[in-house]
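One structure is given here, and the rest of the page talks about it.
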Amino acid sequence: MNQANEVNHTPAFAPDSLVLNRKLPLWYQVSQSLRASILGRPRDASLRLPTEEQLAGHYGVSVLTMRQALKELETEGLISRHRRRGTFIEPRARRVSPVRLLGSIDAIVAQQSGERTTVLGHGPAAVAGDLAEFFPGCAEVVNYRRLRCDGETGEPTNWAENALRPELAERLDVADLERWPMTKVLRDTLGVRISRITDTVEARLADPVTADLLQVPLLSPILHYTGVTYDESGQVVDVARIRYRGDRFSFSVTVEAH
């Protein structure tokens, strides 16, 4: 059997499903969802993607939209496209990108996916002063601390703290947080109906804990991201605070005219 036939018989990578928001660019949503699937894939997953037509059918978009989404991922270096052979995930692609905000939950999942994650610790804690406005009536939350490192080099890239409602924490398997971002675990594993996430990105200076975890000089610039996740009743279910290395990430936002 020749190489072309061997490639054609290799099982294709299976991306996650996506609920499209018709108010946002479809190609962007598809690219971010596929990006999250690629970066969060199991180590033994196939590197071959389905065809453009198969992916378009999977996401419920046109082939033209799918082609634009794939072009975005190719430009980023996550995939490579080969005439007659197909489209493949780049196994050694650098898994970093700008912190992009465009109102899509899948964009948040994509941004937080794809790096080796270590859970540093978790447990109940009193609601801190800066969290009180988000958890009115709650005496305590459950905090999770995670460190993310580049999958190839092992270099620390960001670390995260999540404050989660106790009733959700009771159902959460901590092992899931070593594979998936909290947003994905809440939505896809715990079944939380997320209505919105409010994001804030600030430039700050590295405190001693951040400097130590990210292996950067004390008081060096970092990007401090805060994401407040609301369920469909308007209740805050999670507050994420993520510190990104300033030398590895930049912040960008796209504003679409309608």
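Everything quoted here is computed from the prediction, not taken from an experiment.
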Please name the pair of heavy atoms, one in [X] and one in [Y], separated by the smallest distance, quoted to 0.1 Å.
{"X": "Gly154", "Y": "Cys149", "value": "O-CB, 3.6 Å"}
{"X": "Leu214", "Y": "Tyr244", "value": "CD1-C, 4.2 Å"}
{"X": "Val236", "Y": "Arg165", "value": "O-NE, 2.5 Å"}
{"X": "Arg148", "Y": "Ala160", "value": "NH1-CB, 4.1 Å"}

Listed partners of Asp212 passing salt bridge (Lys or Arg N to Asp or Glu O under 4.0 Å), at least two apart: none
Qualifying residues under side-chain contact (heavy atoms from CB on, under 4.5 Å), relative to Glu161, sequence neighbours excluded: Arg145, Trp159, Arg241, Arg243
Partners passing side-chain contact (heavy atoms from CB on, under 4.5 Å) against Asp188 (at least two apart in sequence or in another chain): Lys184
Reported CZ-to-CD1 distance for the pair Arg48 and Ile79, which is rounded to 0.5 angstrom: 14.0 Å
Qualifying residue, where the test is side-chain contact (heavy atoms from CB on, under 4.5 Å) with Thr226 and the options are Asp199, Thr198, Val201, Val239: Val239
Residues clustered with Leu219, ILVMFWY side-chain links under 4.5 angstrom: Leu205, Leu218
Tyr144 six-ring face occupied by Arg146 cation (under 6.0 Å, within 45°): no
Face-on cation placement of Arg196 at Tyr230 ring, 6.0 Å and 45° thresholds: yes
Cluster overlap Val142 with Val119, hydrophobic side-chain contacts below 4.5 Å: yes
Side chain to side chain donor-acceptor pair (under 3.5 Å) assessment of Thr117 paired with Glu178: CA-CA 5 Å; Thr117 300; Glu178 296 192 343; over 6 Å; no
Residues that Asp231 engages under side-chain hydrogen bond (donor to acceptor under 3.5 Å, both in side chains), provided they are two or more places apart: Ser233
Salt bridge (charged side-chain N to carboxylate O under 4.0 Å, His left out) contacts in which one or both residues fall within residues 51-71, not counting sequence neighbours: Glu52-Arg67, Glu52-Arg81
